[in-house]
Participant: 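Take a look at this one; I'll ask things after.
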Amino acid sequence: MKKRQKIHFSVRVDTDETPERPVKALEQVATSVGRALNCTFAEGEFQRWYAQVADVFGLKLSVAGVGGIGGKSVAKLVGAVAEKGFRYAPDGSGQVEYDRVDISAYMVDLLTIRTGLEWYQPTPEDLAAERGAAGRFDDRLGQVSPQGWTRDDEEKFGDW
């Protein structure tokens, strides 16, 4: 069985995002990346969250905001194969094996050169900080019921 190669990447850049302007910071990063890669980003989703998305050379690119180490604001840029033809084996058998090729180091260099921003590959510490920030956000959302009541409100006022 012939294997297909699937390229992917995951890189980061620190942003000047603030609670008042999170979307604007991502749009600015997406515009810079779009110029660098000759593609156009538009509003979309990445893992069911707001992102700027684009398609280029068979990859879906997503720029999403994440929390970094020490609470810094970070733009996460990921690229994964979006071409549906890659789901099937070249011989039509339906069975597909992949060699995953990580081009993150190349993308860091290319984007740093072309955008003038300091791109980097996330370290295990960066990824842990992102997971922690996402978990805290999920916990905050879990504090509110569909009626808009907090758990404290439910304890204080009971069920209606």
Side-chain angles (χ1 to χ4, degrees), residues 1-19 21-69 71-142:
M1 175 185 308
K2 184 177 176 187
K3 289 185 176 184
R4 288 196 183 273
Q5 284 194 338
K6 286 180 78 171
I7 61 173
H8 66 97
F9 66 90
S10 182
V11 298
R12 308 292 188 273
V13 67
D14 297 343
T15 69
D16 60 353
E17 176 184 320
T18 63
R21 39 178 260 115
V23 172
K24 189 69 171 165
L26 292 180
E27 289 174 348
Q28 289 171 339
V29 170
T31 297
S32 293
V33 172
R35 280 194 302 263
L37 302 179
N38 197 27
C39 61
T40 303
F41 282 81
E43 188 174 313
E45 290 185 354
F46 174 73
Q47 296 178 343
R48 297 183 305 196
W49 195 250
Y50 174 82
Q52 290 285 313
V53 297
D55 291 303
V56 64
F57 51 90
L59 296 179
K60 178 182 179 185
L61 307 184
S62 302
V63 177
V66 295
I69 295 172
K72 70 181 174 182
S73 296
V74 177
K76 169 183 184 173
L77 172 63
V78 296
V81 173
E83 178 60 47
K84 288 180 175 50
F86 274 77
R87 296 179 186 165
Y88 308 103
D91 64 5
S93 68
Q95 296 180 0
V96 182
E97 285 188 43
Y98 298 105
D99 281 325
R100 290 179 46 88
V101 180
D102 187 348
I103 62 168
S104 297
Y106 169 77
M107 293 303 294
V108 164
D109 291 342
L110 180 68
L111 290 171
T112 298
I113 291 166
R114 290 189 174 181
T115 67
L117 301 172
E118 292 297 320
W119 291 87
Y120 58 93
Q121 288 182 262
T123 65
E125 294 79 12
D126 290 316
L127 297 174
E130 290 174 16
R131 284 190 302 275
R136 286 188 299 281
F137 182 75
D138 288 344
D139 288 346
R140 219 177 358 200
L141 290 179

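A quick note: this is a predicted structure, and the numbers were derived from the prediction, not measured.
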Participant: What is the distance from atom CZ of Arg4 to atom CD of Glu97, rounded to the nearest 0.5 Å?
Facilitator: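 Between atom CZ of Arg4 and atom CD of Glu97 there are 12.5 Å.
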
Participant: Sort and list the pairs that fulfil salt bridge (charged side-chain N to carboxylate O under 4.0 Å, His left out) and have at least one residue in residues 109-119, not counting sequence neighbours.
Facilitator: none

Participant: Taking all heavy atoms of Tyr120 and all of Val108, pick out the closest pair and write down the distance.
Facilitator: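 Taking every non-hydrogen atom into account, C-CG2, 3.7 Å.
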
Participant: Looking at CD1 of Ile7 and OH of Tyr106, how far apart are the two atoms once the value is rounded to the nearest 0.5 Å?
Facilitator: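 Nearest 0.5 Å value for the CD1-OH distance: 9.5 Å.
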
Participant: Roughly how far apart are Lys3 NZ and Arg100 CZ, rounded to 0.5 Å?
Facilitator: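 It comes to 13.0 Å.
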
Participant: Please assess Tyr98 against Gln5 for the test side-chain contact (heavy atoms from CB on, under 4.5 Å), listing each intermediate value before the final yes or no.
Facilitator: CA-CA 6 Å; Tyr98 298 105; Gln5 284 194 338; over 6 Å; no

Participant: Test of understanding: with side-chain hydrogen bond (donor to acceptor under 3.5 Å, both in side chains), list the residues that count as partners of Glu125, not counting sequence neighbours.
Facilitator: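 Glu125: side-chain hydrogen bond (donor to acceptor under 3.5 Å, both in side chains) contacts with Thr123.
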
Participant: Going by the salt bridge (charged side-chain N to carboxylate O under 4.0 Å, His left out) test, which pairs reach into residues 5-15, not counting sequence neighbours?
Facilitator: Arg12-Glu130, Asp14-Lys72

Participant: Which atom pair, heavy atoms only, marks the closest approach of Leu61 to Gly79?
Facilitator: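 In this case the closest contact between Leu61 and Gly79 is CD2-CA, 3.8 Å.
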
Participant: Please say which of Thr115, Val29, Val74, Val63 ends up in a side chain to side chain contact (heavy atoms under 4.5 Å, CB included) with Val13.
Facilitator: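 Of all the options given, the one that passes is Val29.
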
Participant: Does atom CG of Asp99 have more than 12 heavy-atom neighbours, drawn from other residues, nucleotides or ligands, at distances under 6.0 Å?
Facilitator: yes

Participant: Which pair of non-hydrogen atoms, one from Ala36 and one from Leu111, has the smallest distance, and what is that distance?
Facilitator: CB-CD2, 4.0 Å

Participant: Where is the tightest heavy-atom contact between Ala64 and Leu26, given as atom of each residue plus distance?
Facilitator: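 Here Ala64 and Leu26 meet closest at C-CD2, 3.7 Å.
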
Participant: Could you tell me which residues satisfy side-chain contact (heavy atoms from CB on, under 4.5 Å) with Val78, sequence neighbours excluded, listed by chain and number?
Facilitator: Ser10, Phe46, Ser62, Lys76

Participant: How close do Phe9 and Asp102 get, heavy atom to heavy atom, and via which atoms?
Facilitator: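 Minimum heavy-atom contact is CA-OD1, 4.0 Å.
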
Participant: Measuring from Leu117:CG to Leu77:CG, what's the distance to the nearest 0.5 Å?
Facilitator: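 CG of Leu77 is found 11.0 Å from CG of Leu117.
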
Participant: Glu83: what forms a side-chain contact (heavy atoms from CB on, under 4.5 Å) with it, not counting sequence neighbours?
Facilitator: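 Only Val81, Phe86 meet the side-chain contact (heavy atoms from CB on, under 4.5 Å) criterion with Glu83.
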
Participant: Counting C-beta onward and ignoring hydrogens, is there a side-chain heavy-atom pair between Thr112 and Met107 closer than 4.5 Å?
Facilitator: no

Participant: Who pairs with Ala82 by side-chain contact (heavy atoms from CB on, under 4.5 Å), at least two apart in sequence or on another chain?
Facilitator: Asp55, Lys60

